[in-house]
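Only heavy atoms go into these numbers, but all of them, side chains included; no hydrogens, no water, no symmetry mates. The residues of the chain are indexed from 1 along the displayed sequence.
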Amino acid sequence: MSTDQLTRTAPRGTGPRASVDRVRGYLGRVDRRFLPVLGTVLTLMLMLGVGQSRYSTDRASFVSMKLLSNLLVDNSYLLVLAVGMTFVILTGGIDLSVGAVVALVGLATATLFRAGLPLPVVLVVGVLIGTSCGLLIGVMVQVFDIQPFIASLAVMFLARGLANVVSTNSLAIDDPGFSALASWSLKFGEGRGLWRINASILIALAVLLVAVYLLHYTRFGRTVYGLGAGDRGAAVTLMGLKPARTRVWVYVISGTCAGIAGILFALYTKSGFNLTGIGMELDAIAAVVIGGTLLSGGVGFVLGTGAGVLVYGLIQVLIAREGLDSWWTRVFIGGVLLAFVVLQRVIAVRRR
């Protein structure tokens, strides 16, 4: 028998050691930029597997279109917030104002309806409130060279204060057109398998798709990644891109997404309240980080943010199915977030 034949017929390595080596080989061929997103997808699959094994019955499966639909219905506003936050974090910035903007938009929506304004005008004004807040942050960051943390913190206090000025009570929204929009949905299946797609889901998915296009198929998106590339950010100007304008625009996008999220949350609750959105900015940041975007900027994918929102929502579902108190949600989200922060740190160190 020839040497080539011996080589071809030789058994491949078996056992735990060989399996570990093969896994290392696969990971070694994966671009490190995708490792955080890969971790998000694996976490999501693991959680779905746990839910499928524990909560599926002969009459209904845990993993289903109904589960995905419910996750999107309950977290559509968070998805839009997290998409806007992804733009900001990719440049190495932060936006702490989005939760307060959601509260302000909700109260402004309720107040404008009570003043008799038509539905299209109210929706446009609500979104423009968020856009204005984002523009204010962008100008402070770019023109006045104020740290994003301080600039967005100032706008957070401003928006929360304005919400308190509008009303300290919960204002119900009973406009017929708004109520019809909130209740509209396309239904599929029947019985226990019934699932639906409502207006909030369609809007959130549209925002996600627009963000994918902007970040990955336009010069603007290349500039966003360039700004977050650390010392390499200086090369952005040399490539003919416009970093100053882009730095303002990412906060405008974040503010606009916060305005849209405020409308979606008002559709979800059919009310406006000055205490709405407390801590919501942290939820958005957590979803972005869990989705694989590095807090230092320059690395991340907006589709990963979408997966991060699903992980966030699924944690809440599993906690509820286990019959645990709601505050356990924060404990588990904190644990998952800590794991992803450590993973990010390991990747950053290895990149050096």
Open item on the list: Before you tell me yes or no, could you show the steps for R330 and D283 under salt bridge (charged side-chain N to carboxylate O under 4.0 Å, His left out), namely the whole-Å CA-CA distance, both residues' side-chain angles and the distance that decides it to 0.1 Å?
Closed with: CA-CA 10 Å; R330 297 293 180 182; D283 295 335; 2.6 Å; yes
Task: N/O donor-acceptor pair under 3.5 Å between T111 side chain and L107 backbone - done: yes
Task: Same cluster (ILVMFWY, side-chain, under 4.5 Å), L71 and L209 - done: no
TODO: Assign the ring pair F188 / W195 to parallel, tilted or perpendicular, where the plane angle (0 to 90°) is split at 30° and 60°.
DONE: parallel
TODO: For Y213, check ring pair (Phe, Tyr, Trp, His ring centres under 6.0 Å) against everything at least two apart and list the hits.
DONE: none
Task: Where at least one partner belongs to residues 71-82, residue pairs that pass side chain to side chain donor-acceptor pair (under 3.5 Å), sequence neighbours excluded - done: D74-Y268
Validation: residues 246-253 side-chain donor-acceptor distances under 3.5 Å, sequence neighbours left out:
unit_1, atom_1, unit_2, atom_2, d
T246, OG1, K242, O, 2.8
R247, NH1, Q142, OE1, 2.6

Open item on the list: Please say yes or no: joined through hydrophobic side-chain contacts below 4.5 Å, possibly via intermediate residues, are V121 and L128 part of one cluster?
Closed with: no
TODO: Return each pair, listed once, that meets side chain to side chain donor-acceptor pair (under 3.5 Å) where at least one residue sits in residues 89-104; pairs must be two or more places apart or across chains.
DONE: D95-S97, D95-S254
TODO: Report the residues that fulfil ring pair (Phe, Tyr, Trp, His ring centres under 6.0 Å) with F273, sequence neighbours left out, ordered by chain and then residue number.
DONE: none
Counting only pairs under 3.5 Å, give me each side-chain donor-acceptor contact of residues 146-166, with atom names and distances, residues two or more places apart or in other chains.
unit_1, atom_1, unit_2, atom_2, d
S152, OG, L96, N, 3.2
S152, OG, P148, O, 2.7
S152, OG, F149, O, 3.3
R160, NH1, N274, O, 2.8
R160, NH1, T276, O, 2.7
R160, NH2, T276, O, 3.4
N164, OD1, N274, ND2, 2.5
N164, ND2, R160, O, 3.2

TODO: Please step through side chain to side chain contact (heavy atoms under 4.5 Å, CB included) for the pair M280 and F265, ending with a clear verdict.
DONE: CA-CA 11 Å; M280 198 177 284; F265 196 77; 4.2 Å; yes
Task: Heavy atoms from other residues, nucleotides or ligands near CE of M65 exceed 12 (cutoff 6.0 Å) - done: yes
